Chemist: 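One structure, as structure tokens, below. Some questions next.
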Amino acid sequence: MQENFFHQVYEVVKLIPKGRVTSYGAIAKYLSSPKAARMVGWAMNNSHNLEDNIPAQRVVNRIGLLTGKAFFGKGNEMAMLLKKEGIEVKDDQIMNFEKYFWDPSIELAL
DNA sequence: CGATTGACGTACG
DNA sequence: TCGTACGCCAATC
């Protein structure tokens, strides 16, 4: 367990199961900072600089929109990765978002 | 070193 | 119900 907010974000993101997605707010809320969703996004941006492979494609905004797809390359690689995991993505929007939603505050909290 | 921005979300008018 | 303001913390200008 790390006390750094950023590091905790990375830990949670790496724990996201394949074929599931979560939101910045859900992670922020899990870290006891519901309004710190922006920091989660920032962490994802910085994650590209990390050696660890952070599945940032599984992290989207609260409505299931792939807001950060532009950071995955020129094409819609982010949407493609999600589709490969069995997630339905239409026009950068995850279909049945609630169905694929993975809430750390529920899945990890005991 | 001070001000602004940023892969968001909640609160308030 | 819709629109605007603020908070979160670090990085960048």
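Each chain gets a letter, A, B and so on, in the order its sequence line appears, and its residues count up from 1. Just so it is clear, the structure is predicted and the values come from calculations on it, not from any experiment.
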Chemist: Determine yes or no for a side-chain-to-main-chain donor-acceptor pair under 3.5 angstrom, with A/Q93 supplying the side chain and A/I63 the backbone.
Modeler: yes

Chemist: Under the 3.5 angstrom rule, does the side chain of A/N4 hit a backbone N or O of A/F6 as a donor-acceptor pair?
Modeler: no

Chemist: Where along residues 17-26 of chain A does a heavy atom fall under 4.0 Å from DNA chain C?
Modeler: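 Residues of residues 17-26 of chain A that come under 4.0 Å of DNA chain C do not exist, since none gets that close.
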
Chemist: What distance, rounded to whole Å, do you find between the two P atoms, one in C/dA5 and one in B/dT4?
Modeler: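 It comes out at 15 Å once rounded to the nearest Å.
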
Chemist: Within the 4.0 Å heavy-atom criterion, would you say A/A43 contacts the bases, only the backbone, or no part of the nucleic acid?
Modeler: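 Answer is nothing: A/A43 stays at 4.0 Å or more from every strand.
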
Chemist: Using the C1' atom on both, measure C/dG3 against B/dA7 and round to a whole Å.
Modeler: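 Nearest-Å result for C/dG3 against B/dA7 at atom C1': 23 Å.
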
Chemist: Taking A/R20 for the side chain and A/W102 for the main chain, is one N or O donor matched with an acceptor at less than 3.5 Å?
Modeler: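 It does not hold such a pair.
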
Chemist: How is A/N61 classified with respect to the nucleic acid when contacts are heavy atoms under 4.0 Å: base, sugar-phosphate, or nothing?
Modeler: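 If one applies the 4.0 Å heavy-atom cut-off, A/N61 turns out to touch the sugar-phosphate alone, with no base involved.
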
Chemist: Quick check for you: name the first and last nucleotides of DNA chain B, 5' to 3', having an atom under 4.0 Å from a heavy atom of chain A.
Modeler: B/dG6 to B/dT10

Chemist: Find every protein N or O atom lying less than 3.5 Å from an N or O atom of nucleotides 8-11 of chain C, and list the pairs.
Modeler:
residue	atom	partner	partner atom	Å
C/dC8	O2	A/K35	O	3.2

Chemist: Quick one: NZ on A/K83 to CE on A/M95, what's the gap to the nearest 0.5 Å?
Modeler: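 The NZ atom of A/K83 sits 10.0 Å away from the CE atom of A/M95.
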
Chemist: Looking at DNA chain C, which of residues 66-82 of chain A put a heavy atom within less than 4.0 Å of it?
Modeler: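 Residues of residues 66-82 of chain A under 4.0 Å from DNA chain C: none.
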
Chemist: Checking A/Y24 side chain against A/V59 main chain: does a donor-acceptor pair fall under 3.5 Å?
Modeler: yes

Chemist: Rounded to the nearest 0.5 Å, how far apart are CE of A/M39 and CG of A/L31?
Modeler: 12.0 Å

Chemist: Applying ring-ring contact (aromatic ring centres under 6.0 Å, His included), name anything that partners A/F97, two or more places apart in sequence or on another chain.
Modeler: A/F101

Chemist: Mind checking the P distance from C/dC8 to B/dC1? Whole angstroms is fine.
Modeler: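 Roughly 24 Å separates the two P atoms.
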
Chemist: Taking only residues two or more places apart in sequence, or in another chain, which ones meet A/Y10 in a ring-ring contact (aromatic ring centres under 6.0 Å, His included)?
Modeler: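 By the ring-ring contact (aromatic ring centres under 6.0 Å, His included) rule, A/Y10 matches no residue at all.
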
